[in-house]
Amino acid sequence: MAAGRWPLLRSIARGCLAGALIGVTVNDRYASILTVRGSSMHPTFEPHPAVRVLVDRLCLDARYGFSRGDVVVFRSPTEHRSLVVKRLIALPGDWIQVPAAQEIRQIPEGHCWVEGDSPCSRDSRSYGPVSIPLGLMQGRVTYIVWPPNRIGPVERKMPEGRVMQR
């Protein structure tokens with residue numbers, strides 16, 4: 001009787017391993033689910049309860065790229081183990097007016113300007129332009145998937161009159 005269980009256990013183990021490999025591949029290459037905590041992206045994402053979002057990773061491919069107004073996920077420039085969710089405001093070569101500093105800055109090549117939707121956000125207004133190589137950028141937030149009453153696409157929006165595109 002015990003000898004008859006091994007083929008069944010082997011079959012289940014193979015199925016689990018195949019499912020795990022497919023899951024890891026999808027998570028690394030195509031999309032993943034991320035929990036957004038904190039109030040820096042309020043009102044786009046409510047801080048309570050925590051919001052779960054779909055992160056599109058296809059935008060990391062050079063054919064797709066990022067656009068102004070996208071909500072992006074990237075590694076924090078100050079805490080490299082943390083992922084940060086902010087809105088992409090300016091791309092390389094753009095000029096941006098920084099309200100608190102009363103200055104206009106050009107975004108250097110290979111960098112972008114990100115801000116939270118809340119004025120109290122810790123973002124490019126405090127740490128400057130963010131480097132956008134694939135090592136820091138992790139993807140674009142496209143949909144809210146939880147809680148059920150908030151399910152839907154994430155809106156692209158830009159602050160008016162602050163960015164001059166090249």
Side-chain angles (χ1 to χ4, degrees), residues 26-62 64-166:
V26 167
N27 187 55
D28 276 354
R29 180 96 177 119
Y30 302 107
S32 63
I33 303 294
L34 178 72
T35 301
V36 179
R37 292 181 169 78
S39 59
S40 74
M41 286 300 293
H42 180 71
T44 301
F45 304 128
E46 298 291 331
H48 300 291
V51 174
R52 288 184 177 78
V53 296
L54 180 69
V55 178
D56 168 22
R57 295 183 182 279
L58 285 174
C59 61
L60 298 173
D61 189 330
Y64 299 100
F66 296 99
S67 301
R68 292 169 198 86
D70 285 344
V71 175
V72 295
V73 178
F74 59 96
R75 293 233 170 260
S76 168
T78 57
E79 296 176 32
H80 300 294
R81 292 179 186 233
S82 300
L83 291 178
V84 181
V85 177
K86 303 291 180 197
R87 191 169 300 279
L88 182 75
I89 304 297
L91 293 169
D94 289 349
W95 292 85
I96 185 159
Q97 178 192 11
V98 184
Q102 297 297 317
E103 68 175 318
I104 296 177
R105 297 177 67 174
Q106 185 174 28
I107 308 304
E109 285 303 316
H111 291 74
C112 64
W113 190 269
V114 293
E115 294 181 0
D117 288 350
S118 166
C120 301
S121 172
R122 184 156 194 242
D123 49 32
S124 287
R125 293 172 283 200
S126 53
Y127 47 70
V130 174
S131 177
I132 54 173
L134 295 182
L136 284 184
M137 280 297 179
Q138 301 292 307
R140 172 182 31 235
V141 176
T142 56
Y143 288 92
I144 297 173
V145 297
W146 190 263
N149 64 327
R150 296 286 319 272
I151 291 175
V154 174
E155 179 185 2
R156 273 190 185 145
K157 57 184 177 182
M158 288 284 297
E160 291 188 30
R162 291 195 37 226
V163 178
M164 282 93 20
Q165 300 172 14
R166 61 173 158 161

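A quick note: this is a predicted structure, and the numbers were derived from the prediction, not measured. Sequential numbering from 1 along the given sequence is applied to the chain's residues. Only this structure's heavy atoms are used, side chains among them; waters, hydrogens and symmetry mates stay out.
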In chain order, what residues pass the salt bridge (Lys or Arg N to Asp or Glu O under 4.0 Å) check against R125, with sequence neighbours excluded? E115, D123

Hey, is the main chain of S40 close enough, under 3.5 Å, to the side chain of K86 for a donor-acceptor pair? no

Please find the pair of heavy atoms, one from R57 and one from S32, that lie closest to each other, and give the distance. NH2-OG, 3.3 Å

Residues at least two apart in sequence or cross-chain that pass salt bridge (Lys or Arg N to Asp or Glu O under 4.0 Å) with R150, listed by chain then number, are none

Above 12 or not: heavy atoms from other molecules or residues under 6.0 Å from CZ of R156? yes

CG-CZ distance between L88 and R140, expressed to the nearest 0.5 angstrom: 9.5 Å

Interatomic distance, CG@D70 vs CE@M158, rounded to 0.5 Å, equals 10.0 Å

As an exercise, state the distance from OH of Y143 to CG of D56, rounded to the nearest 0.5 Å. 10.0 Å

Between Q106 and G93, is there a donor-acceptor pair closer than 3.5 Å when you use the side chain of the first and the backbone of the second? yes

dist T142:OG1 -> L54:CG (nearest 0.5 Å) comes out at 4.0 Å

For V154, all residues meeting side-chain contact (heavy atoms from CB on, under 4.5 Å), sequence neighbours excluded: T44, F45, V71, V141, I144

If we ignore hydrogens and angles and just use 3.5 Å, is the side chain of R68 paired with the main-chain N or O of A90 as donor and acceptor? no

Rounded to the nearest 0.5 Å, the CZ atom of R162 sits from the CD1 atom of I96 at a distance of 4.5 Å

Minimum-distance pair of heavy atoms, taken over all atoms of P159 and I89: CD-CD1, 3.6 Å

Interatomic distance, CZ@R75 vs CE@M137, rounded to 0.5 Å, equals 12.5 Å

